[in-house]
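Inspection log for the structure reproduced underneath, given as structure tokens.
In what follows, every chain begins at residue 1, and chains take the letters A, B, ... in the order their sequences are listed.
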Amino acid sequence: MPDPRGELLHTPLLQWYAEARRDLPWRHPDCSPWGVLVSEVMLQQTPVARVLPVWTRWMALWPTPSALGGASPGEAVREWARLGYPRRALRLHAAATAIRDEHDGEVPADEGTLRTLPGIGDYTAAAVAAFAFGQRATVVDTNVRRVQARAVTGVALPAPSLTRAEVELASALLPGSDGDAATWNVAVMELGALVCTARAPRCGECPIASRCAWRLAGYPPYAGPPRRGQAWEGTDRQCRGRIVQALRESSGPVAGAELRARWPDAAQQERCIDALVHEGLVEPLDGERFQLPS
DNA sequence: GAGGCGTGGTC
DNA sequence: TGACCAAGCCT
């Protein structure tokens, strides 16, 4: 049952996307499902500009899941460079070995099967099903949420966490055919990334501005619960980042004393190292030395 | 379900 | 200038 709210938006948005879309390597027709999967994991909470060079190098080193599975998790973390959230590199390595060992080395096309892989949640499973396999999956990321909130719901920003209603709305707006649906998903995301941005939306360039509920309501300001920022200075996050960076940039093991020189709070740093070891991001060696996992 | 988890660019 | 934000996931 087609949703009239979606029908009105499909043509202008798909036309806009055909002209305004960025030429990204993971969108090329010859990009493998593995390339799409890698891009989606790298793009979790990370801007396109920072992902591009890392993705390119990563795909040259490990063009298949089995190739990555043949590397050590530490190599994956090192090539992850400064993308942030290095646990993603560890999980991508684990996903690669699972694909090699349990799926004949082929990225699964089924959303439910993708969802079982480490580091693959609802968003990424739907994105791979849609963008790598052309399926009619409901892809809901932060861009889709913001575009829907404005264009359809008429509010400045979505709630802090994803609601059931948002997923149902995205599903209702989806075009009926597989191909159109896959393009629609990436078109809405692209609109959110390039035009309907969080900070300073470019409504003058928006193909659906004339139908935007937020604009028609006079741009009411965000009225939801406060959105809490993330502390940084002196946090475990910063401390952990410092530790992993030191191990990444060293060709060999790093002495605990050398790490200690990089962080003022010894107790905090010890706690962070313990946590990193527990998570598998750091491997302890004899003589109070540490390295990326072998 | 709230909170933890990196890094750097933007206005 | 320093909050805010970027194709989320996991516990």
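The existence of a salt bridge linking Glu166(A) and Arg145(A) is confirmed by a sub-4.0 Å separation between a basic side-chain nitrogen and an acidic carboxylate oxygen.
Side-chain N/O atoms of Arg145(A) include none lying less than 4.0 angstrom from OP1 or OP2 on dA6(C). Under 4.0 angstrom from either OP1 or OP2 of dG8(C) there lies no side-chain N or O belonging to Gln44(A). At dG6(B), none of the side-chain N or O atoms of Thr46(A) fall inside 4.0 Å of OP1 or OP2 (strictly under the cut-off). Regarding contacts with the backbone of dC9(C), every side-chain N or O of Arg87(A) stays at 4.0 angstrom or more from both OP1 and OP2.
Among the heavy atoms of the strands, none lies under 4.0 Å from Leu92(A). Using a 4.0 Å heavy-atom cutoff across all strands shown, Trp80(A) reaches no nucleic acid atom at all. Nucleic acid contact class of Pro160(A) (heavy atoms, under 4.0 Å, all strands): none. Using a 4.0 Å heavy-atom cutoff across all strands shown, Arg22(A) reaches at least one base atom of the nucleic acid. Residue-level contact check: Leu83(A) touches the bases, meaning some heavy atom is under 4.0 Å from a base atom. Within the nucleic acid shown, Thr197(A) has no heavy atom closer than 4.0 Å to any nucleic acid atom. Counting any heavy atom pair closer than 4.0 Å across all strands shown, Ala198(A) reaches sugar-phosphate atoms only and no base atom.
Straight-line distance between the C1' atoms of dC5(C) and dT1(C): roughly 16 Å, to the nearest whole Å. The gap from the C1' atom of dG1(B) to that of dC9(C) amounts to 14 Å, rounded to the nearest Å. The C1' atoms of dA7(C) and dC11(B) are separated by 22 Å, rounded to the nearest whole Å.
Panel note: side chain Thr46(A), backbone Gln44(A); a donor-acceptor pair is recorded below 3.5 Å. A donor-acceptor pair is defined here as one N or O able to donate and one able to accept, closer than 3.5 Å; such a pair exists between the side chain of Arg242(A) and the backbone of Arg262(A). No donor-acceptor pair closer than 3.5 Å links the side chain of Glu205(A) to the backbone N or O of Val195(A). For the pair His28(A) (side chain) and Asp23(A) (backbone), a donor-acceptor distance under 3.5 Å is absent. Thr97(A) places a side-chain N or O within donor-acceptor distance of the main-chain N or O of Ala94(A), the cut-off being under 3.5 Å. No side-chain donor-acceptor contact under 3.5 Å links Glu79(A) to the backbone of Arg57(A).
Along DNA chain C, the nucleotide nearest Gly229(A) and the nucleotide nearest Arg91(A) are compared for position; the residue whose nucleotide lies closer to the 5' end is Gly229(A).
Checking dA7(C), dC5(C), dG6(B) against every side-chain atom of Arg88(A), the shortest atom distance belongs to dG6(B). Between dG6(B), dT7(B), dG8(C), one nucleotide has an atom nearer to the side chain of Thr142(A) than all others, and that is dG8(C). Of all nucleotides listed (dA6(C), dG8(C), dC10(C)), dA6(C) comes nearest to the side chain of Pro47(A). You'll find that the side chain of Leu157(A) is closest to dC5(C), out of dA7(C), dG8(B), dC5(C).
Taking atom CD1 of residue Ile243(A) and atom C1' of nucleotide dG6(B), one finds them 13 Å apart after rounding to whole Å. Separating the CG atom of Asp236(A) from the P atom of dG6(B) is a distance of 10 Å, rounded to the nearest angstrom. Straight-line distance from the CG atom of Leu90(A) to the P atom of dC9(C): 17 Å, rounded to whole Å. We find that CD of Gln238(A) is positioned 12 Å from P of dG8(B), with the value rounded to whole Å. Residue Asn143(A) contributes atom CG, which lies 9 Å from atom C1' of dA6(C) at whole-angstrom precision. Taking atom CZ on Arg228(A) and atom C1' on dG3(B), their separation rounds to 7 Å, with Å as the unit. Residue Gln45(A) contributes atom CD, which lies 14 Å from atom C1' of dG8(B) at whole-angstrom precision. At whole-Å resolution of the value, CZ in Arg146(A) and P in dG8(C) are 10 Å apart.
Interatomic distance, OH of Tyr17(A) versus CE of Met189(A), reported as 9.0 Å (0.5 Å rounding).
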Could you list the protein-to-nucleotides 9-11 of chain B atom pairs, N/O on both sides, closer than 3.5 Å?
none

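Between Leu292(A) and Gly74(A), the shortest heavy-atom contact is CD1-O, 3.6 Å.
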